[in-house]
Number of protein chains: 2
Amino acid sequence: MPEEVARKPSRIQLRNRKRIMEAALEVFSQHGYRGATLDQIADAAGMSKPNLIYYFDGKEAIHVALLNRLMEDWLAPLHEMDPGGDPLDEILAYVRRKMEMSREFPRESRLFANEILQGAPRMGPHLERGLKPLFDEKAAVIADWVAEGRLAQIDPRQLLLSIWAITQHYADFDAQIRVLIPDEVAGWDAAFAHVEAMFRTMLTVSERSG
Amino acid sequence: MPEEVARKPSRIQLRNRKRIMEAALEVFSQHGYRGATLDQIADAAGMSKPNLIYYFDGKEAIHVALLNRLMEDWLAPLHEMDPGGDPLDEILAYVRRKMEMSREFPRESRLFANEILQGAPRMGPHLERGLKPLFDEKAAVIADWVAEGRLAQIDPRQLLLSIWAITQHYADFDAQIRVLIPDEVAGWDAAFAHVEAMFRTMLTVSERSG
DNA sequence: TCGTGGCTTTACCAAATGGTAAAAAACCAG
DNA sequence: CTGGTTTTTTACCATTTGGTAAAGCCACGA
């Protein structure tokens with residue numbers, strides 16, 4: 001018996017899966033997993049609810065598919081950090097890439113934040129197998145830079161956490177920031193400038209202790 | 001006709017309202033507004049669902065009551081920042097208070113994060129009327145300190161955002177941090193030390209530019 | 001053009017969920 | 001005690017929601 005051969009997806013399948021993922025990202029990132037309904041996703045995707053289920057096994061399957069894709073995009077900027085480059089440049093470039101992701105992909109950031117806030121119920125393995133190794137690797141790189149005196153004394157792991165905290169904050173807490181700092185007063189330019197200056201100061205080896 | 005006189009709440013009422021708030025905080029902070037159910041809250045509070053409704057008008061009323069109480073506790077640390085004190089001391093003390101709140105009241109932090117993440121649907125007025133004035137006031141104080149040369153050049157509003165981002169991150173992203181930095185490796189002590197050192201460096205007026 | 005297999009819709013369903021009505025129980029001032 | 005008031009329980013209900021069954025539609029290769 002020919003067991004469940006995975007057939008090549010048709011053009012229609014490709015198109016509709018993409019539409020569903022886009023719609024699901026919109027809805028899940030705004031309402032969280034339980035707050036989102038299949039009807040909302042179906043509406044946003046311009047198709048009927050049973051049609052959704054035809055393409056994905058169910059609500060959870062859609063969410064998982066979304067998280068899977070997200071993980072790759074999310075790790076990419078950190079991957080790019082080059083151990084052979086100039087320490088300060090490399091870290092500041094990473095910070096800039098993260099800021100750009102917050103600006104360009106706030107929904108992805110919020111989807112991730114929602115998942116972690118609730119204890120990462122559907123992401124535990126991803127964090128262990130995807131994020132943790134990369135985190136440890138890059139923390140070690142930074143630790144070397146610090147040991148060589150090419151960066152100010154700093155705990156590499158705490159530094160990475162701080163970078164995530166600040167850059168993702170601009171996407172995740174957008175609703176709050178909009179109230180406190182209206183666009184007319186200061187927008188992304190001010191945020192970019194502040195964040196870069198902050199980390200530059202923090203990481204530059206002090207003249208005094210040289 | 002005597003219209004809806006607000007009677008003094010009985011002992012039982014006081015006790016049960018408190019139990020409900022505690023239970024609701026637990027459940028809402030973990031699952032978000034829509035993810036939480038009245039049954040869960042009733043269970044956690046050790047009473048029946050209709051009994052909940054006897055004390056609060058409904059699910060939304062409980063949530064709103066929780067957010068109202070939260071707002072006060074949340075603003076307190078910033079209120080304490082004294083314009084007459086030493087700039088660096090005042091800000092670092094504020095940072096420490098915020099870190100303590102993340103450690104002692106992570107559920108409150110997550111409740112707030114959940115609400116903001118979803119666009120602050122039940123908190124808009126609170127942000128405008130409670131948070132914004134205080135934010136503007138304290139930002140002005142910091143701006144003065146900077147103008148007087150008693151703090152390094154920095155955008156006061158972005159500074160406050162960064163403080164919130166980093167300190168609250170330790171509560172909100174706890175699930176992620178637990179995976180990346182196991183307790184045996186580094187706990188709250190390391191976090192406190194890193195955060196304080198970071199802001200100290202960032203805010204200290206450079207010797208060079210004195 | 002005519003099947004055939006992939007795609008879509010219509011009509012449902014069972015469980016979960018927020019909430020209500022009203023009786024029963026507990027409480028408490030006189 | 002006792003009568004009225006507050007509190008709690010039991011038994012429901014309507015809606016929402018994730019999901020299914022099966023009929024119908026449609027594209028496309030022979």
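By convention in this document, chain letters (A, B, ...) are assigned in the order of the sequence lines, proteins followed by strands, and residues within each chain are numbered from 1.
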S.K.: Check the distance between C:dG19's C1' and B:Leu38's CG and give it to me in whole angstrom.
M.R.: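 For the pair B:Leu38 CG and C:dG19 C1', the rounded distance is 8 Å.
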
S.K.: Between P on C:dG18 and CD1 on B:Ile53, what's the gap in Å once rounded to a whole number?
M.R.: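 For the pair B:Ile53 CD1 and C:dG18 P, the rounded distance is 9 Å.
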
S.K.: What is the distance from CG of A:Asp57 to C1' of D:dG19, rounded to the nearest Å?
M.R.: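 These atoms are roughly 12 Å apart.
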
S.K.: Whether the side chain of A:Lys49 and the base of D:dG18 hold a donor-acceptor pair under 3.5 Å is what I'd like checked.
M.R.: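 Between D:dG18 and A:Lys49, which were checked side chain against base, a qualifying N/O pair under 3.5 Å is present.
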
S.K.: Taking only the side-chain nitrogens and oxygens of A:Gln13, find out if one of them lies under 4.0 Å from OP1 or OP2 of C:dC7.
M.R.: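 Looking at the OP1 and OP2 atoms of C:dC7, one of them is under 4.0 Å from a side-chain N or O of A:Gln13.
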
S.K.: Think B:Asn51 has a side-chain N or O under 4.0 angstrom from the OP1 or OP2 of D:dT9?
M.R.: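 Yes, such a contact exists.
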
S.K.: Verify the contact: side-chain N or O of A:Tyr54 to OP1 or OP2 of C:dT9, cut-off strictly under 4.0 Å; return yes or no.
M.R.: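 Checking A:Tyr54 against C:dT9: no side-chain N or O falls below 4.0 Å of OP1 or OP2.
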
S.K.: Provide, to the nearest angstrom, the distance between the CZ atom belonging to B:Arg15 and the P atom belonging to C:dC27.
M.R.: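 Rounded to whole Å, this separation is 9 Å.
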
S.K.: Can you see whether A:Asn114 engages A:His31 through a side-chain donor-acceptor pair at a distance of less than 3.5 angstrom?
M.R.: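 Short answer, no.
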
S.K.: A:Leu14 has an atom CG; how far is it from atom P of C:dG6, in whole Å?
M.R.: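 These atoms are roughly 16 Å apart.
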
S.K.: Atom CD1 of B:Ile20 and atom C1' of D:dT8: how far apart are they, to the nearest Å?
M.R.: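 The distance from CD1 of B:Ile20 to C1' of D:dT8 comes to 12 Å, rounded to the nearest Å.
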
S.K.: When you check the gap from the basic side-chain N to the acidic O, do A:Arg96 and A:Glu100 get nearer than 4.0 Å?
M.R.: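 Looking at A:Glu100 together with A:Arg96, the answer is no, because their closest N to O distance does not fall below 4.0 Å.
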
S.K.: Assess the pair A:Phe112 and A:Trp164: is the distance between their ring centroids shorter than 6.0 Å?
M.R.: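 No: the rings miss the under 6.0 Å criterion.
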
S.K.: Closest-nucleotide mapping onto DNA chain D: is A:Pro50 or A:Gly35 further toward the 5' terminus? I mean the 5' end.
M.R.: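 In this pair, the answer is A:Gly35.
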
S.K.: Separation of B:Lys59 atom NZ from C:dT20 atom P, in whole Å?
M.R.: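 In whole Å, C:dT20 P and B:Lys59 NZ are 15 Å from each other.
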
S.K.: Taking side-chain hydrogen bond (donor to acceptor under 3.5 Å, both in side chains) as the criterion, tell me which of A:Asp172, A:Thr167, A:Asp174 meets it with A:Ser109.
M.R.: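 The side-chain hydrogen bond (donor to acceptor under 3.5 Å, both in side chains) with A:Ser109 is passed solely by A:Asp172 among A:Asp172, A:Thr167, A:Asp174.
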
S.K.: If you compare every side-chain N and O of B:Ser48 against the phosphate oxygens of D:dT8 (OP1, OP2), does one of them come in below 4.0 Å?
M.R.: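 Answer no for this pair, as no side-chain N or O of B:Ser48 is under 4.0 Å from OP1 or OP2.
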
S.K.: Quick check: on DNA chain C, is the nucleotide nearest A:Tyr55 upstream (toward 5') of the one nearest A:Arg34, or the reverse? Name the residue that is more 5'.
M.R.: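 In this pair, the answer is A:Tyr55.
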
S.K.: Using whole Å, what does the distance between atom P of nucleotide D:dT17 and atom CD1 of A:Ile41 come to?
M.R.: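 Interatomic distance, CD1 of A:Ile41 to P of D:dT17: 12 Å.
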
S.K.: Have a look at A:Ala42 and say if it touches a base, only the backbone sugar-phosphate, or nothing, with a 4.0 Å heavy-atom cut-off.
M.R.: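 Since no nucleic acid heavy atom lies under 4.0 Å of A:Ala42, the category is nothing.
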
S.K.: Take atom CD of B:Glu196 as the centre, draw a 6.0 Å sphere, and report whether it contains more than 12 heavy atoms from other residues, nucleotides or ligands.
M.R.: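 Enclosed: over 12 neighbouring heavy atoms sit under 6.0 Å from CD of B:Glu196.
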
